[in-house]
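Working notes, beginning with the structure itself.
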Amino acid sequence: MLVSAKEMLNKAREGKYAVGQFNINNLEWTKAILLTAQENNSPVILGVSEGAGKYMCGYKTVVGMVKGMIEELGITIPVALHLDHGSFDGAKACIEAGFSSVMFDGSHYPIEENIAKTKELVATCNELGLSLEAEVGSIGGEEDGVVGAGECADPDECKSIADLGVTMLAAGIGNIHGKYPENWAGLSFETLEAVKNKVGDMPLVLHGGTGIPEDMIKKAISLGVAKINVNTECQLAFQEATRKYIEAGKDQEGKGFDPRKLLAPGFEAIKATVKEKMELFGSINKA
Ligand code: 13P
(Lines give C-alpha, C1' and ligand atoms only; values in the text may rest on other atoms or scores of the structure.)
Protein backbone atom coordinates (compact mmCIF):
# COMPACT_ATOMS: atom_id res chain seq x y z
CA MET A 1 0.00 0.00 0.00
CA LEU A 2 1.16 3.51 -0.73
CA VAL A 3 1.33 5.80 2.28
CA SER A 4 1.66 9.53 2.86
CA ALA A 5 5.24 10.50 3.77
CA LYS A 6 4.07 12.33 6.89
CA GLU A 7 4.47 9.63 9.50
CA MET A 8 7.80 8.28 8.20
CA LEU A 9 9.27 11.80 8.08
CA ASN A 10 8.08 12.81 11.52
CA LYS A 11 9.57 9.58 12.89
CA ALA A 12 12.83 10.29 11.04
CA ARG A 13 13.05 13.83 12.39
CA GLU A 14 12.46 12.59 15.94
CA GLY A 15 14.89 9.69 15.54
CA LYS A 16 17.56 11.87 13.87
CA TYR A 17 17.86 10.00 10.60
CA ALA A 18 16.62 10.74 7.07
CA VAL A 19 14.43 8.82 4.63
CA GLY A 20 15.86 8.62 1.13
CA GLN A 21 13.87 9.80 -1.86
CA PHE A 22 15.16 7.91 -4.86
CA ASN A 23 13.90 9.03 -8.26
CA ILE A 24 12.54 6.41 -10.64
CA ASN A 25 12.74 6.33 -14.43
CA ASN A 26 11.55 2.88 -15.45
CA LEU A 27 10.57 -0.57 -14.21
CA GLU A 28 14.12 -1.65 -13.34
CA TRP A 29 14.85 1.39 -11.16
CA THR A 30 11.53 1.06 -9.36
CA LYS A 31 12.00 -2.65 -8.68
CA ALA A 32 15.62 -2.14 -7.54
CA ILE A 33 14.65 0.59 -5.06
CA LEU A 34 11.61 -1.24 -3.66
CA LEU A 35 13.53 -4.49 -3.17
CA THR A 36 16.47 -2.74 -1.50
CA ALA A 37 14.15 -0.92 0.88
CA GLN A 38 12.37 -4.17 1.74
CA GLU A 39 15.63 -6.13 2.22
CA ASN A 40 16.90 -3.43 4.57
CA ASN A 41 13.62 -2.82 6.34
CA SER A 42 13.77 0.87 5.47
CA PRO A 43 10.94 3.28 4.64
CA VAL A 44 11.36 4.76 1.17
CA ILE A 45 10.08 7.55 -1.04
CA LEU A 46 9.92 7.02 -4.81
CA GLY A 47 10.40 10.35 -6.55
CA VAL A 48 8.93 11.03 -10.00
CA SER A 49 9.86 14.15 -11.95
CA GLU A 50 7.33 15.45 -14.46
CA GLY A 51 9.69 14.42 -17.27
CA ALA A 52 10.06 10.88 -15.89
CA GLY A 53 6.28 10.72 -15.47
CA LYS A 54 5.81 11.53 -19.16
CA TYR A 55 8.50 9.01 -20.12
CA MET A 56 6.75 6.27 -18.15
CA CYS A 57 3.48 6.92 -20.08
CA GLY A 58 1.90 9.27 -17.56
CA TYR A 59 1.12 9.32 -13.85
CA LYS A 60 -1.61 6.68 -13.96
CA THR A 61 0.83 4.18 -15.47
CA VAL A 62 3.34 5.01 -12.72
CA VAL A 63 0.74 4.47 -9.99
CA GLY A 64 -0.33 1.18 -11.59
CA MET A 65 3.25 -0.05 -11.91
CA VAL A 66 4.23 0.87 -8.34
CA LYS A 67 1.07 -0.54 -6.76
CA GLY A 68 1.43 -3.72 -8.80
CA MET A 69 5.04 -4.16 -7.70
CA ILE A 70 4.22 -3.55 -4.04
CA GLU A 71 1.69 -6.36 -4.22
CA GLU A 72 3.58 -8.81 -6.40
CA LEU A 73 6.98 -8.35 -4.75
CA GLY A 74 5.43 -8.59 -1.27
CA ILE A 75 6.64 -5.14 -0.20
CA THR A 76 5.52 -4.39 3.36
CA ILE A 77 7.72 -1.40 4.31
CA PRO A 78 6.13 2.09 4.04
CA VAL A 79 6.38 3.43 0.48
CA ALA A 80 5.41 6.96 -0.56
CA LEU A 81 5.00 7.78 -4.26
CA HIS A 82 5.98 11.42 -4.57
CA LEU A 83 5.96 13.99 -7.38
CA ASP A 84 9.36 15.73 -7.50
CA HIS A 85 9.52 19.47 -8.33
CA GLY A 86 5.93 19.54 -9.48
CA SER A 87 4.19 22.42 -11.17
CA PHE A 88 0.78 23.45 -9.79
CA ASP A 89 -1.02 21.55 -12.57
CA GLY A 90 1.37 18.60 -12.29
CA ALA A 91 0.65 18.32 -8.56
CA LYS A 92 -3.09 18.26 -9.23
CA ALA A 93 -2.66 15.62 -11.94
CA CYS A 94 -0.65 13.37 -9.59
CA ILE A 95 -3.21 13.75 -6.82
CA GLU A 96 -5.90 12.75 -9.31
CA ALA A 97 -3.82 9.77 -10.53
CA GLY A 98 -3.32 8.34 -7.03
CA PHE A 99 0.13 9.53 -5.83
CA SER A 100 0.41 9.49 -2.04
CA SER A 101 2.61 12.58 -1.85
CA VAL A 102 3.42 15.61 -4.01
CA MET A 103 5.93 18.40 -4.14
CA PHE A 104 4.78 21.76 -5.40
CA ASP A 105 7.85 23.75 -6.36
CA GLY A 106 6.66 27.34 -6.34
CA SER A 107 10.14 28.69 -5.60
CA HIS A 108 10.33 30.51 -8.94
CA TYR A 109 7.12 32.48 -8.24
CA PRO A 110 7.04 35.68 -6.19
CA ILE A 111 6.57 34.56 -2.56
CA GLU A 112 2.91 35.75 -2.45
CA GLU A 113 2.05 33.52 -5.39
CA ASN A 114 4.03 30.61 -3.96
CA ILE A 115 2.01 31.03 -0.73
CA ALA A 116 -1.37 31.24 -2.50
CA LYS A 117 -0.79 28.16 -4.66
CA THR A 118 0.77 26.13 -1.81
CA LYS A 119 -2.21 27.04 0.40
CA GLU A 120 -4.67 25.65 -2.13
CA LEU A 121 -2.72 22.38 -2.34
CA VAL A 122 -2.47 22.12 1.47
CA ALA A 123 -6.28 22.08 1.62
CA THR A 124 -6.56 19.36 -1.05
CA CYS A 125 -3.80 17.20 0.44
CA ASN A 126 -5.20 17.48 3.97
CA GLU A 127 -8.61 16.42 2.76
CA LEU A 128 -7.19 13.35 1.01
CA GLY A 129 -4.52 12.45 3.61
CA LEU A 130 -1.59 13.07 1.27
CA SER A 131 1.74 14.65 2.14
CA LEU A 132 2.89 17.90 0.53
CA GLU A 133 6.39 19.29 0.08
CA ALA A 134 6.92 22.99 -0.62
CA GLU A 135 10.08 24.79 -1.68
CA VAL A 136 11.61 28.14 -0.80
CA GLY A 137 14.89 29.36 -2.28
CA SER A 138 15.83 27.47 -5.41
CA ILE A 139 18.04 24.40 -5.62
CA GLY A 140 20.95 25.01 -7.97
CA GLY A 141 21.72 23.18 -11.19
CA GLU A 142 19.46 21.59 -13.78
CA GLU A 143 17.10 18.70 -13.28
CA ASP A 144 14.84 17.49 -16.04
CA GLY A 145 14.74 20.91 -17.67
CA VAL A 146 14.11 22.75 -14.37
CA VAL A 147 17.03 25.12 -13.86
CA GLY A 148 17.74 26.78 -10.51
CA ALA A 149 20.41 29.32 -9.64
CA GLY A 150 20.78 27.92 -6.11
CA GLU A 151 19.90 30.83 -3.87
CA CYS A 152 19.71 30.31 -0.10
CA ALA A 153 16.20 30.44 1.34
CA ASP A 154 14.94 33.39 3.37
CA PRO A 155 14.04 31.96 6.82
CA ASP A 156 11.03 34.29 7.19
CA GLU A 157 9.65 33.13 3.85
CA CYS A 158 10.20 29.54 5.00
CA LYS A 159 8.10 30.25 8.08
CA SER A 160 5.29 31.75 5.98
CA ILE A 161 5.16 28.59 3.85
CA ALA A 162 5.61 26.17 6.79
CA ASP A 163 2.76 27.87 8.68
CA LEU A 164 0.38 26.98 5.83
CA GLY A 165 0.53 23.39 7.09
CA VAL A 166 2.75 21.66 4.52
CA THR A 167 4.20 18.29 5.58
CA MET A 168 7.83 19.05 4.72
CA LEU A 169 9.87 21.96 3.44
CA ALA A 170 12.72 22.08 0.94
CA ALA A 171 14.84 25.12 1.71
CA GLY A 172 17.70 26.06 -0.59
CA ILE A 173 20.94 26.01 1.45
CA GLY A 174 23.52 26.08 -1.33
CA ASN A 175 22.64 22.57 -2.55
CA ILE A 176 22.77 21.76 -6.25
CA HIS A 177 21.28 19.00 -8.41
CA GLY A 178 23.86 16.78 -10.08
CA LYS A 179 27.61 16.82 -9.41
CA TYR A 180 29.00 19.60 -7.25
CA PRO A 181 31.57 21.88 -8.91
CA GLU A 182 35.17 21.86 -7.62
CA ASN A 183 34.76 25.32 -6.11
CA TRP A 184 31.43 24.59 -4.36
CA ALA A 185 31.19 26.50 -1.08
CA GLY A 186 29.41 23.61 0.71
CA LEU A 187 26.02 23.64 2.44
CA SER A 188 25.11 26.80 4.31
CA PHE A 189 24.51 25.46 7.82
CA GLU A 190 23.95 29.02 8.94
CA THR A 191 20.89 29.18 6.67
CA LEU A 192 19.76 25.71 7.74
CA GLU A 193 19.94 26.65 11.43
CA ALA A 194 18.11 29.92 10.82
CA VAL A 195 15.37 28.08 8.90
CA LYS A 196 15.08 25.42 11.62
CA ASN A 197 14.75 28.11 14.31
CA LYS A 198 11.83 29.63 12.38
CA VAL A 199 9.96 26.46 11.37
CA GLY A 200 10.48 24.36 14.52
CA ASP A 201 9.65 20.68 14.11
CA MET A 202 8.81 20.70 10.39
CA PRO A 203 10.81 17.97 8.59
CA LEU A 204 13.27 19.62 6.19
CA VAL A 205 14.23 18.23 2.80
CA LEU A 206 17.69 18.24 1.27
CA HIS A 207 17.69 18.06 -2.51
CA GLY A 208 20.81 17.33 -4.56
CA GLY A 209 21.88 14.38 -2.37
CA THR A 210 24.49 13.21 -4.89
CA GLY A 211 28.06 14.01 -3.91
CA ILE A 212 27.47 15.80 -0.61
CA PRO A 213 30.27 14.77 1.76
CA GLU A 214 29.21 12.39 4.54
CA ASP A 215 29.98 14.80 7.36
CA MET A 216 27.73 17.45 5.79
CA ILE A 217 24.91 14.91 5.36
CA LYS A 218 25.17 13.95 9.04
CA LYS A 219 25.27 17.55 10.20
CA ALA A 220 22.25 18.41 8.03
CA ILE A 221 20.31 15.50 9.60
CA SER A 222 21.27 16.71 13.08
CA LEU A 223 19.77 20.11 12.15
CA GLY A 224 16.34 18.79 11.12
CA VAL A 225 16.77 17.33 7.61
CA ALA A 226 14.52 14.23 7.49
CA LYS A 227 14.37 13.54 3.74
CA ILE A 228 17.26 13.48 1.28
CA ASN A 229 16.76 13.25 -2.48
CA VAL A 230 19.07 11.21 -4.68
CA ASN A 231 18.93 10.88 -8.43
CA THR A 232 22.22 11.50 -10.27
CA GLU A 233 24.18 8.95 -8.23
CA CYS A 234 21.82 6.13 -9.26
CA GLN A 235 21.99 7.36 -12.84
CA LEU A 236 25.80 7.30 -12.85
CA ALA A 237 25.92 3.84 -11.25
CA PHE A 238 23.42 2.50 -13.77
CA GLN A 239 25.31 3.99 -16.71
CA GLU A 240 28.71 2.69 -15.59
CA ALA A 241 27.45 -0.86 -15.00
CA THR A 242 25.63 -0.92 -18.36
CA ARG A 243 28.66 0.49 -20.19
CA LYS A 244 30.91 -2.22 -18.74
CA TYR A 245 28.45 -4.93 -19.74
CA ILE A 246 28.24 -3.66 -23.32
CA GLU A 247 32.01 -3.31 -23.56
CA ALA A 248 32.43 -6.89 -22.39
CA GLY A 249 30.34 -7.84 -25.47
CA LYS A 250 28.00 -10.27 -23.77
CA ASP A 251 25.52 -10.24 -26.63
CA GLN A 252 23.87 -13.32 -28.05
CA GLU A 253 25.05 -14.71 -31.33
CA GLY A 254 23.01 -13.05 -34.10
CA LYS A 255 20.33 -11.70 -31.72
CA GLY A 256 22.01 -8.75 -30.06
CA PHE A 257 21.74 -8.15 -26.34
CA ASP A 258 19.03 -9.84 -24.34
CA PRO A 259 17.30 -6.73 -22.90
CA ARG A 260 16.76 -8.36 -19.52
CA LYS A 261 20.40 -9.35 -19.20
CA LEU A 262 21.58 -5.99 -20.54
CA LEU A 263 19.76 -4.11 -17.77
CA ALA A 264 20.68 -6.55 -14.97
CA PRO A 265 24.09 -5.04 -14.03
CA GLY A 266 22.55 -1.53 -13.88
CA PHE A 267 19.76 -2.91 -11.69
CA GLU A 268 22.32 -4.39 -9.26
CA ALA A 269 24.31 -1.12 -9.31
CA ILE A 270 21.23 0.85 -8.30
CA LYS A 271 20.53 -1.60 -5.49
CA ALA A 272 24.07 -1.15 -4.16
CA THR A 273 23.87 2.66 -4.40
CA VAL A 274 20.50 2.80 -2.65
CA LYS A 275 21.72 0.54 0.17
CA GLU A 276 24.81 2.70 0.66
CA LYS A 277 22.65 5.82 0.92
CA MET A 278 20.21 4.16 3.33
CA GLU A 279 23.17 3.26 5.56
CA LEU A 280 24.48 6.83 5.44
CA PHE A 281 21.04 8.36 6.10
CA GLY A 282 20.42 5.92 8.98
CA SER A 283 17.05 4.62 7.72
CA ILE A 284 17.90 0.88 7.83
CA ASN A 285 15.62 -1.09 10.17
CA LYS A 286 13.43 1.97 10.70
CA ALA A 287 10.40 0.71 8.74
P1 13P B 1 20.76 14.67 -7.36
O2 13P B 1 20.46 14.40 -8.80
O3 13P B 1 21.85 15.68 -7.20
O4 13P B 1 20.99 13.43 -6.58
O5 13P B 1 19.46 15.39 -6.77
C6 13P B 1 18.23 14.73 -6.79
C7 13P B 1 17.13 15.62 -6.34
O8 13P B 1 17.29 16.52 -5.57
C9 13P B 1 15.78 15.31 -6.85
O10 13P B 1 14.86 16.29 -6.49
Side-chain angles (χ1 to χ4, degrees), residues 5 9 18-26 29-30 32-33 36 44-56 62 80-87 90-91 94 99 101-108 131-153 166-182 184-188 192 203-214 216-217 220-221 225-240 269-270 272-278 280-281 283:
L9 292 182
V19 178
Q21 174 191 308
F22 300 96
N23 283 33
I24 59 171
N25 287 283
N26 60 18
W29 289 46
T30 312
I33 296 162
T36 310
V44 76
I45 298 170
L46 301 177
V48 180
S49 68
E50 294 200 351
K54 271 191 202 123
Y55 174 78
M56 290 184 276
V62 177
L81 179 60
H82 181 74
L83 173 67
D84 189 27
H85 290 287
S87 60
C94 284
F99 275 50
S101 187
V102 289
M103 172 184 191
F104 166 58
D105 180 356
S107 62
H108 47 283
S131 42
L132 175 66
E133 175 178 349
E135 177 168 328
V136 179
S138 65
I139 315 296
E142 187 266 342
E143 196 193 23
D144 233 341
V146 181
V147 181
E151 93 217 29
C152 280
V166 298
T167 319
M168 56 194 130
L169 182 72
I173 56 167
N175 39 333
I176 297 174
H177 288 126
K179 279 198 157 176
Y180 286 84
E182 292 282 319
W184 178 50
L187 296 177
S188 168
L192 184 56
L204 299 172
V205 181
L206 183 63
H207 282 248
T210 296
I212 299 178
E214 285 193 24
M216 286 194 203
I217 294 275
I221 293 173
V225 164
K227 168 173 170 285
I228 303 179
N229 294 5
V230 178
N231 177 41
T232 305
E233 209 152 317
C234 289
Q235 211 159 294
L236 292 171
F238 187 82
Q239 172 196 288
E240 182 58 11
I270 290 179
T273 305
V274 169
K275 182 170 180 194
E276 214 175 88
K277 291 293 171 192
M278 287 175 165
L280 174 61
F281 301 165
S283 70

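Order of listing sets the numbers, starting from 1, for every ligand and every atom in it.
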Nearest 0.5 Å please: distance from the [atom1] atom of [X] over to the [atom2] atom of [Y].
X: Thr273; Y: Phe238; atom1: OG1; atom2: CZ; value: 11.5 Å
X: Leu206; Y: Ile221; atom1: CG; atom2: CD1; value: 8.5 Å
X: Met103; Y: Leu169; atom1: CE; atom2: CG; value: 9.0 Å
X: Lys227; Y: Glu133; atom1: NZ; atom2: CD; value: 3.5 Å

Query raised in the report: Does any donor atom in the side chain of His207 or Asn229 lie under 3.5 Å from an acceptor atom in the other side chain?
Result: yes
Query - Any Gly47 heavy atom less than 4.0 Å to ligand 1 - result: no
N or O contact, [X] vs ligand 1, cut-off under 3.5 Å:
X: Gln21; result: no
X: His177; result: yes
X: Asn23; result: no

Report summary line: Out of Ile228, Asp84, Asn231, the nearest non-hydrogen contact to atom 9 (C) of ligand 1 is supplied by Asp84
Query raised in the report: At a non-hydrogen distance cut-off of under 4.0 Å, which region of His85 contacts ligand 1 (side chain, backbone, both, or neither)?
Result: side chain
Where ligand 1 meets [X] - atom numbers and elements under 4.0 angstrom, heavy-atom basis:
X: Thr232; result: 1 (P), 2 (O), 3 (O), 4 (O)
X: Gly178; result: 1 (P), 2 (O), 3 (O)
X: His207; result: 8 (O), 10 (O)
X: Thr210; result: 1 (P), 3 (O), 4 (O)

Query raised in the report: Given side chains that start at C-beta, do those of Gln235 and Thr210 come closer than 4.5 Å, heavy atoms only?
Result: no
Requested in this report: State, yes or no, whether a side-chain contact exists between Ser131 and Met168 at a heavy-atom distance under 4.5 Å.
Outcome: yes
